[in-house]
> 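To start, I am sharing the structure in question, which I have written as structure tokens.
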Amino acid sequence: MTVKTLVQAGLLGLAIASIAPLTPASAETLRVSGGAVQRALQVPMNRAVVVESDMVFAELSIANPGIADISTLSERSIYVLGKAPGRTTLTLLAPDGSLITNVEVQVTADVGELKERLREVLPGEAIEVRPANDGIVLSGTVTSAQALDRAIDLANRYAPDRVSNLMMVGGTQQVMMKVRFAEMSRSVRKSLGFSAALQGTGDNGSIGYQGGTGGYIGSLADGGAGVTLDADTQGAFQIGFGYGDVEFSMLIEALESKGFVRTLAEPNLSALSGQAASFLAGGEYPVPSRDGDGNVTVYYKPFGIVLNMTPRVIGDNINLNLKAEVSQLDTSIGITDAGFSISGFSTRKTESTVEMRDGESFAIAGLLEDDFTDLSTQIPWLGDVPVLGSLFRSADYQRQQSELVIIVTAHLVTPTRGDVLALPTDRVRPPTENQLFMRGITSVTNRPITGGAGEVARQDFTGSYGYVME
């Protein structure tokens with residue numbers, strides 16, 4: 001081997017070493033044949049591809065240097081570097097000026113690194129990545145909507161606002177929320193009151209007195225006297241006597257009342273993952289509003305039990321955002337404006353986000369309300385007398401307590417056939433004229449005979465059933 005050959009081999013090695021960092025092992029090599037139709041050259045952005053020609057070329061050009069950059073490695077090799085997504089044309093000319101070929105160069109986003117990152121961040125997800133012009137196309141089936149959002153967010157790092165999502169979410173993506181509202185209210189009231197009235201007339205004038213909490217003094221001229229009971233007075237005992245033109249009347253009120261209220265609502269709501277579901281059991285209260293020109297418009301404010309929920313299926317878990325509100329009219333905080341009497345609202349609301357599995361439940365409790373009122377009135381000085389002073393005092397004690405509990409159970413559900421479901425009205429049908437007028441039957445049992453509801457109706461539940469405990 002001559003010295004000249006060794007020098008040429010060394011220079012060739014240096015050239016290959018300098019080109020190697022710019023040309024990765026995965027770079028595509030296109031072999032060009034003169035006069036033949038060439039396939040498109042795929043060049044990843046910021047990557048290089050080598051084009052080899054069977055014929056010696058003397059001149060080459062690129063239509064859009066902003067998309068791809070070219071340089072000559074030898075009289076048969078071309079180095080093509082992708083700069084920006086798009087398409088352009090590479091032209092090769094022979095030494096005699098004739099056209100060797102035109103090569104279509106397609107510069108696309110580099111999806112190789114994106115594929116690696118998706119395998120690292122979302123292992124086990126069947127996501128396919130393809131370049132499309134200046135963007136990226138994602139396809140395949142993922143296990144949850146959260147995995148879909150993560151894949152799109154990661155792809156936007158490589159092609160901002162140029163990601164086409166063709167992915168589908170597998171599994172069940174419908175959630176049924178079974179909600180139970182329970183509010184318990186208890187009120188206790190105790191009152192003990194004393195009222196007295198004295199009235200008399202004579203030749204030199206008249207006298208009159210009334211003290212206590214109940215009634216008012218009547219007129220002797222009208223035939224009435226003393227303490228007159230109100231229409232809604234309860235638990236009252238009245239005595240009175242008179243001598244001549246003098247009358248004395250006394251009223252004793254003693255009342256103890258207890259109340260108990262239980263309110264309940266059990267809505268079942270179904271919604272797709274990521275979609276909101278709402279529920280209202282109550283009504284809408286008209287509220288007038290006046291603008292700057294004096295025009296009055298009316299809008300309606302909902303009250304009662306208001307529920308808004310947004311479920312999200314994340315793998316085997318259900319992420320649930322819950323907003324619940326229980327409100328009622330409260331006339332004690334109302335206002336009157338321009339002839340309109342507007343009541344206020346007593347409201348209790350809560351908002352929470354929880355995560356659970358299919359069939360699990362969570363409860364929101366402790367929404368307590370405790371109102372206490374204590375009122376005492378007395379006749380000056382006489383009410384301070386020991387023992388006997390209780391006849392000149394009136395006391396009123398009132399306490400009201402309520403507690404609201406919300407229990408939510410989430411289920412992953414799929415649609416079913418309509419003949420499996422039965423309505424309460426399906427079991428009853430209107431009677432015929434003969435049944436109504438001749439036999440006095442107002443409703444006739446109508447059991448379903450087909451479908452899943454018919455199977456349940458045909459079952460015999462007579463005899464012993466339920467739980468047996470020994």
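Heavy atoms only: backbone and side chains are in, while hydrogens, waters and symmetry mates are out.
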> With a 3.5 Å distance limit and no angle check, can you tell me whether Ser289 reaches the backbone of Thr297 through a side-chain donor-acceptor pair?
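Checked: no pair found.
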> For Thr89, give me all partners under side-chain hydrogen bond (donor to acceptor under 3.5 Å, both in side chains), at least two apart in sequence or on another chain.
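Partners of Thr89 by the side-chain hydrogen bond (donor to acceptor under 3.5 Å, both in side chains) criterion come out as none, since no residue qualifies.
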> On the 0 to 90° scale, with breaks at 30° and 60°, tag the Phe303-Phe345 ring pair as parallel, tilted or perpendicular.
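Tilted.
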> Do any N or O atoms from the side chain of Asn156 and from the backbone of Ile152 form a donor-acceptor pair under 3.5 angstrom?
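Checked: pair present.
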> Count the heavy atoms belonging to other residues, nucleotides or ligands that lie under 6.0 Å from NZ of Lys178, then report whether that count exceeds 12.
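Count not over threshold, so no.
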> Is the shortest side-chain heavy-atom distance between Leu138 and Val163 below 4.5 Å?
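With C-beta onward as the side chain, the pair touches.
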> Counting only heavy atoms not in Glu433, do more than 12 sit closer than 6.0 Å to its CD atom?
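Counting neighbours around CD of Glu433, 12 or fewer heavy atoms of other residues, nucleotides or ligands fall under 6.0 Å, so no.
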> If only side-chain N and O atoms count, and only distance matters, is there a donor-acceptor pair under 3.5 Å linking Asn321 with Thr310?
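The criterion, which ignores hydrogens and geometry beyond distance, is not satisfied for Asn321 and Thr310.
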> State the CD1-CZ distance between Ile127 and Arg150, to the nearest 0.5 angstrom.
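Rounded to the nearest 0.5 Å, the CD1-CZ separation comes out at 11.0 Å.
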> So Met309 and Lys323, side-chain contact (heavy atoms from CB on, under 4.5 Å) or not? Walk me through it.
CA-CA 6 Å; Met309 294 186 295; Lys323 297 180 181 179; over 6 Å; no
> In terms of side-chain geometry, is the basic nitrogen of Arg348 or Glu325 positioned less than 4.0 Å from the acidic oxygen of its partner?
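Salt bridge: no.
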> Who passes salt bridge (Lys or Arg N to Asp or Glu O under 4.0 Å) against Glu113, sequence neighbours left out?
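Scan of Glu113 (salt bridge (Lys or Arg N to Asp or Glu O under 4.0 Å), adjacent residues dropped) gives Arg117.
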> Find out whether Ile67 and Val105 are in side-chain contact, i.e. whether some heavy atom of one side chain is under 4.5 Å from a heavy atom of the other.
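They are not in contact (no side-chain heavy atoms under 4.5 Å apart), so the answer is no.
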> Just wondering, do Phe181 and Val179 contact through their side chains at under 4.5 Å, heavy atoms?
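Result yes, sub-4.5 Å side-chain heavy-atom pair found.
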> Ile407 and Val405: side-chain contact (heavy atoms from CB on, under 4.5 Å), yes or no, with the steps?
CA-CA 7 Å; Ile407 300 177; Val405 178; 4.1 Å; yes
> Donor-acceptor pairs under 3.5 Å, side chain of residues 357-367 to any protein atom, not counting sequence neighbours: which ones?
from, atom 1, to, atom 2, distance (Å)
Asp358, OD1, Leu412, N, 3.0
Glu360, OE1, Arg357, N, 2.9
Ser361, OG, Thr409, OG1, 2.4

> Tell me, please, which residues at least two apart from Glu403 pass side-chain hydrogen bond (donor to acceptor under 3.5 Å, both in side chains).
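Testing Glu403 for side-chain hydrogen bond (donor to acceptor under 3.5 Å, both in side chains), a comparison that skips the adjacent residues, returns none.
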> Which distance, rounded to the nearest 0.5 Å, do you find between the NE2 of His411 and the CE of Met356?
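Result: 10.0 Å between the selected atoms.
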> Over all heavy atoms of both residues, which pair between Val111 and Arg130 is shortest? Give the atoms and the distance, please.
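Closest pair (atom of Val111, atom of Arg130, distance): CG1-C, 4.3 Å.
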> Is any side-chain heavy atom of Val408 less than 4.5 Å from a side-chain heavy atom of Leu320?
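Yes, their side chains come closer than 4.5 Å.
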> CD/Gln275 to CZ/Arg312 distance, rounded to the nearest 0.5 angstrom?
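Result: 8.5 Å between the selected atoms.
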> How close do Ala277 and Ala271 get, counting heavy atoms only, and between which atoms?
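Where Ala277 meets Ala271 most closely, the heavy atoms are CB-CB, 4.0 Å.
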> Contact between Ile136 and Tyr158 at the side-chain level, heavy atoms closer than 4.5 Å - yes or no?
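Yes; the side chains approach each other to less than 4.5 Å.
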> Who pairs with Arg162 by side-chain hydrogen bond (donor to acceptor under 3.5 Å, both in side chains), at least two apart in sequence or on another chain?
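Counting only residues at least two positions away or on another chain, Arg162 forms no side-chain hydrogen bond (donor to acceptor under 3.5 Å, both in side chains).
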> Identify the heavy atoms of Ala324 and Leu307 that sit nearest to each other, and give their distance.
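Closest approach of Ala324 to Leu307: CB-CD1, 4.1 Å.
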> Apply side-chain contact (heavy atoms from CB on, under 4.5 Å) to the pair Val129 and Leu118, showing each step before the final yes or no.
CA-CA 9 Å; Val129 183; Leu118 288 175; 3.5 Å; yes
> How long is the span from the CG atom in Leu322 to the CE atom in Met177, to the nearest 0.5 Å?
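It is 9.0 Å, given to the nearest 0.5 Å.
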> Should Lys301 and Glu284 be marked as a salt bridge (Lys or Arg N to Asp or Glu O under 4.0 Å) after you check the CA-CA gap, both sets of side-chain angles, and the distance that decides it?
CA-CA 5 Å; Lys301 175 179 176 57; Glu284 293 186 343; over 6 Å; no
> For the residue pair Met45 and Val107, what are the closest heavy atoms and their distance?
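Answer, listing the atom of Met45 first, then Val107: CA-CG1, 4.0 Å.
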> Could you tell me the separation between the CD1 atom of Ile318 and the CD atom of Glu355, rounded to the nearest 0.5 Å?
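Reported value, rounded in 0.5 Å steps: 9.5 Å.
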> Is a donor on one side and an acceptor on the other found under 3.5 Å between the side chain of Tyr285 and the backbone of Ser343?
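Present.
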> How far does NZ of Lys115 sit from CD of Glu128, to the nearest 0.5 angstrom?
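Between atom NZ of Lys115 and atom CD of Glu128 there are 8.5 Å.
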> What pair of heavy atoms forms the shortest contact from Ala63 to Thr88, and how long is it?
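Minimum heavy-atom separation between Ala63 and Thr88: CB-OG1, 3.3 Å.
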> Using the test side-chain contact (heavy atoms from CB on, under 4.5 Å), find all partners of Thr432 that sit at least two apart in sequence or belong to another chain.
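Partners of Thr432 by the side-chain contact (heavy atoms from CB on, under 4.5 Å) criterion, ordered by chain and then number, come out as Asn434, Gln435.
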> If every non-hydrogen atom of Ala147 is compared with every non-hydrogen atom of Leu122, which pair is closest and at what distance?
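The pair with the smallest heavy-atom distance is O-CD1, 3.5 Å.
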> Kindly indicate, with the supporting measurements, whether the criterion side-chain contact (heavy atoms from CB on, under 4.5 Å) is fulfilled by Val175 and Val413.
CA-CA 6 Å; Val175 183; Val413 296; over 6 Å; no
